[in-house]
Amino acid sequence: MALATADLYPADSSLVEARLAIGGCDAVALAERFGTPAYVLAERDLRERARAAAGALAEHHDGPGRIVFASKALPCTAVLRIFAEEGLGCDVASGGELHLALRAGFDPAVLYLHGNAKSDAELAQALDAGVGTIVLDHPAEAERLDALVGAGRRQRVLVRVTPGVDADTHASILTGQAGSKFGMPPAAAAELLARDWANLELAGLHMHIGSQLFAPDPWRRAAEALAPLGRFATYDLGGGLGVPYTREDRSTDLAAWIAGMAQVARDAFGSGFELVLEPGRALVAQAGVTLYRVEAVKPGAVGEQIVAVDGGMSDNLRPMLYGAPYEAALADRAGEDDLCQVVGKHCESGDVLVRDARLPGPRRGDVLVVPVTGAYGHAMANNYNGVPRPPVVLCRDGEARLAVRRETYEDLHARDA
Ligand code: LLP
């Protein structure tokens, strides 16, 4: 029994005679039982990552700490419930994500409400629910919140600072650069922090410089940009650790990143503070794969095969939005004989899931697997071309359970007024 390409598949996946199993469940059998496309997640992998993250923070940070799952990466109630059980906090960026986190059973005290355009309704929803921490995006929001909280209460807040740091990632997922739509420049933060707020407890600072990042240096420079603002009880350094999507990509280690972030925080802020980190992708990406069925195979222009599957940009927007690379494999046959372009079923030529896959003689009916789809796949799924969104299936010790059912055609018109 071999582990299926270590970094790209869930920790408890396996290959037995070239048949892929996720969490002990045979991938072809899963495709038959739940249909395709389907998001399949390994529950043990999710739990192990959560434990490794919390353990690394406790080990490397000398003071209180909290790992807060950025729920935008995988806003699925069953997954949120798992992370709540594992003792993580949860970052919510809208009233909808807050609703899901509460439904999943998170203690409101460990929720962090984010957003650069929070409505009064969302702020009131958070106050009613008893959300522990609200991350202030701009000074005018502080004034609105101070008024909404009302006399006799104090709401814990963090101030989101835009450190003015560029990092090496796709421009669409860079957030800490000068002029970013998120947060406030250090000078505006300093002014906000110097004022008296009747109903706000200014617990500390927040930053999040971007996503799918690998080099530690931008986090260090960002923390250094926050340091002159003073000493605080809490620093939240955001998330953003990258993951490998293909075998050519660097592998990353969540626990090592956390150790590095604790060092960055210590160097910038000294000791005796609470450290909060908000990984999203790195907690869930490799825990999930997407299963597709091959619907058509035809010759391409330069000797490659065009392999069309029954999903595409409706279940994985990342190739379209960021030119993100992925790999593909067949669930029950090994080999990399044929150069293939794996395309989706949508009415756009850019609907390509994998540009240069190597597959062993793909045929109509094969189950095709795209790994590393646990983050921002289900989250950004859509109904383009009237394609119902896929189910989410959780696997553990050979048992598979449906966490989110597939949409039906009736769901497509359920909101008709
Ligand atoms: N904290 C804040 C305030 C964030 O805005 C984000 C992500 C995170 C934490 C988690 O970042 P992560 O560890 O997942 O990189 N749709 C894009 C990613 C957008 C991320 C937005 N914010 C993608 O598919 O790559």
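Each ligand, and each atom within it, is numbered from 1 in the order the structure gives. Just so you know, these numbers come straight off a predicted model, no measurement behind them. When a residue number appears, it is its place in the shown sequence, counting from 1. What you see below is based on every heavy atom in this structure, not just the backbone, and it leaves out hydrogens, waters and symmetry mates.
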Legend entry - Where ligand 1 meets Pro279 - atom numbers and elements under 4.0 angstrom, heavy-atom basis: 13 (O)
Inset, instruction - Classify the contact between His114 and ligand 1 as side chain, backbone, both or neither, using a heavy-atom distance cut-off of under 4.0 Å. - result: side chain
Inset, instruction - Would you please test Glu143 and Arg195 for side-chain contact (heavy atoms from CB on, under 4.5 Å) and show each step? - result: CA-CA 11 Å; Glu143 286 168 17; Arg195 286 171 59 181; 3.0 Å; yes
Inset, instruction - Find all atoms of ligand 1 within a distance of less than 4.0 Å from any non-hydrogen atom belonging to Met380, and give their numbers and elements. - result: 16 (N), 24 (O)
Inset, instruction - Look at atom 6 (C) of ligand 1 and say which protein heavy atom is nearest, naming residue and atom and giving the distance to 0.1 Å. - result: His208 NE2, 3.3 Å
Legend entry - Atoms in ligand 1 with a heavy atom of Gly280 nearer than 4.0 Å: 10 (C), 12 (P), 13 (O), 14 (O)
Inset, instruction - Enumerate the residue pairs fulfilling salt bridge (Lys or Arg N to Asp or Glu O under 4.0 Å) with a member in residues 51-76, sequence neighbours excluded, ordered by first and then second residue. - result: Arg51-Glu86, Lys72-Asp91
Legend entry - Nearest-contact summary for atom 5 (O) of ligand 1 - protein heavy atom, Å: Lys72 NZ, 3.0 Å
Inset, instruction - Go through ligand 1 atom by atom and flag the ones less than 4.0 Å from a non-hydrogen atom of Glu278. - result: 1 (N), 2 (C), 3 (C), 8 (C), 9 (C), 10 (C)
Legend entry - Ring center gap for His206 and His114 short of 6.0 angstrom: yes
Legend entry - Close-contact set for ligand 1 against Ile173 heavy atoms, below 4.0 Å: 17 (C), 18 (C), 19 (C), 25 (O)
Inset, instruction - Check if Ala282 has a non-hydrogen atom at a distance under 4.0 Å from any atom of ligand 1. - result: no
Inset, instruction - Taking only heavy atoms of Asp91 into account, list the atoms of ligand 1 that are under 4.0 Å away from them. - result: 1 (N), 2 (C), 9 (C)
Inset, instruction - Identify whether the distance between the nearest side-chain nitrogen and carboxylate oxygen of Arg156 and Glu274 falls below 4.0 Å. - result: yes
Inset, instruction - Output, in order, the C-alpha distance, side-chain angles, deciding distance and verdict of side-chain contact (heavy atoms from CB on, under 4.5 Å) for Val372 and Arg318. - result: CA-CA 11 Å; Val372 203; Arg318 301 194 70 264; over 6 Å; no
Inset, instruction - Please work out whether any backbone atom (N, CA, C, O) or any side-chain heavy atom from C-beta onward of Tyr322 is under 4.0 Å from ligand 1, and answer side chain, backbone, both or neither. - result: side chain
Inset, instruction - Say whether, by atom type as modelled, one donor and one acceptor occur between the side chain of Arg406 and the main chain of Pro37 under 3.5 angstrom. - result: yes
Inset, instruction - Please answer whether the main-chain N or O of Gly183 pairs with a side-chain N or O of Asp137 as donor and acceptor at a distance below 3.5 Å. - result: yes
Legend entry - Proximal ligand 1 atoms for Arg160, defined as those under 4.0 Å from one of its heavy atoms: 3 (C)
Inset, instruction - Mind running side chain to side chain donor-acceptor pair (under 3.5 Å) on Arg389 and Tyr39 for me, showing each step along the way? - result: CA-CA 10 Å; Arg389 285 175 290 183; Tyr39 302 114; over 6 Å; no
Inset, instruction - Over all heavy atoms of both residues, which pair between Leu111 and Ala101 is shortest? Give the atoms and the distance, please. - result: CD2-CB, 3.9 Å
Inset, instruction - Out of Ala93, Gly240, Ala73, indicate the one that has the non-hydrogen atom closest to atom 12 (P) of ligand 1. - result: Gly240
Inset, instruction - Provide the number and element of each atom of ligand 1 under 4.0 Å from a heavy atom of Ala70. - result: 8 (C), 9 (C), 10 (C)
Inset, instruction - Considering only non-hydrogen protein atoms, determine which one is nearest to atom 15 (O) of ligand 1 and report residue, atom name and distance to 0.1 Å. - result: Ser211 OG, 2.6 Å
Inset, instruction - Walk me through it: do Tyr384 and Glu348 pass the test side chain to side chain donor-acceptor pair (under 3.5 Å)? - result: CA-CA 10 Å; Tyr384 187 37; Glu348 298 209 19; 3.1 Å; yes
Legend entry - Closest protein heavy atom (residue, atom, distance) for atom 24 (O) of ligand 1: Arg318 NE, 2.6 Å
